[in-house]
Amino acid sequence: MEFVFSIGGVGMRFYRGEPSDPHERALRQTFSELAQMSLFAEEELERSGETILYRFAVETDIDGSITQITFVVLSGSSPLIVWPVPLDQPVVGIAPIRPERSDGVVLPFPKVSPKKDEKDRKTED
């Protein structure tokens, strides 16, 4: 059982450890990641056909408290992009991806009748 979530259709996972040293489980590609899209232009990440994986490395202290979270783009077992998530800054203004939904509209019940054959339609005309 693995927790895979997506950002813009791109599969992401977490692993515990340093961003520069992902363990073997973090490097496994899940089924949902096989056909994933890319967050970046393909030419920016071209690396001899290696699989690109998107992970969040979570570093913890001895007591289990989080000391650092890092977004990591992996090619094979080596990090291509390492971006530390700023934990000390408040999150400001997260906008919804989809526009707000309007109120629904009440529709009349549909007119339902038995299906008519071609022969029945000709007799009606």
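All values reported here derive from a predicted model rather than from experimental measurement.
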Peer 1: Of all residues at least two apart in sequence or in a different chain, which pass the side-chain hydrogen bond (donor to acceptor under 3.5 Å, both in side chains) check with S65?
Peer 2: D63
Peer 1: Please identify each residue that fulfils side chain to side chain contact (heavy atoms under 4.5 Å, CB included) with P22, with sequence neighbours left out.
Peer 2: Y15, A26, L27, L74
Peer 1: Are the side chains of L87 and I66 in touch, meaning some heavy atoms are under 4.5 Å apart?
Peer 2: yes
Peer 1: Determine the minimum heavy-atom distance between A57 and G17, stating which atoms define it.
Peer 2: CB-O, 3.6 Å
Peer 1: If you compare all heavy atoms of P79 against all heavy atoms of S20, which two are closest, and at what distance to 0.1 Å?
Peer 2: CG-CA, 3.9 Å
Peer 1: Restricting to side chain to side chain contact (heavy atoms under 4.5 Å, CB included), what partner residues turn up for E59, sequence neighbours left out?
Peer 2: E18, P19, T67, Q68, T70
Peer 1: Just how far is it from atom CZ of F71 to atom CZ of R55, taken to the nearest 0.5 Å?
Peer 2: 10.0 Å
Peer 1: What's the separation between atom CZ in F56 and atom CE in M12, rounded to the nearest 0.5 Å?
Peer 2: 6.0 Å
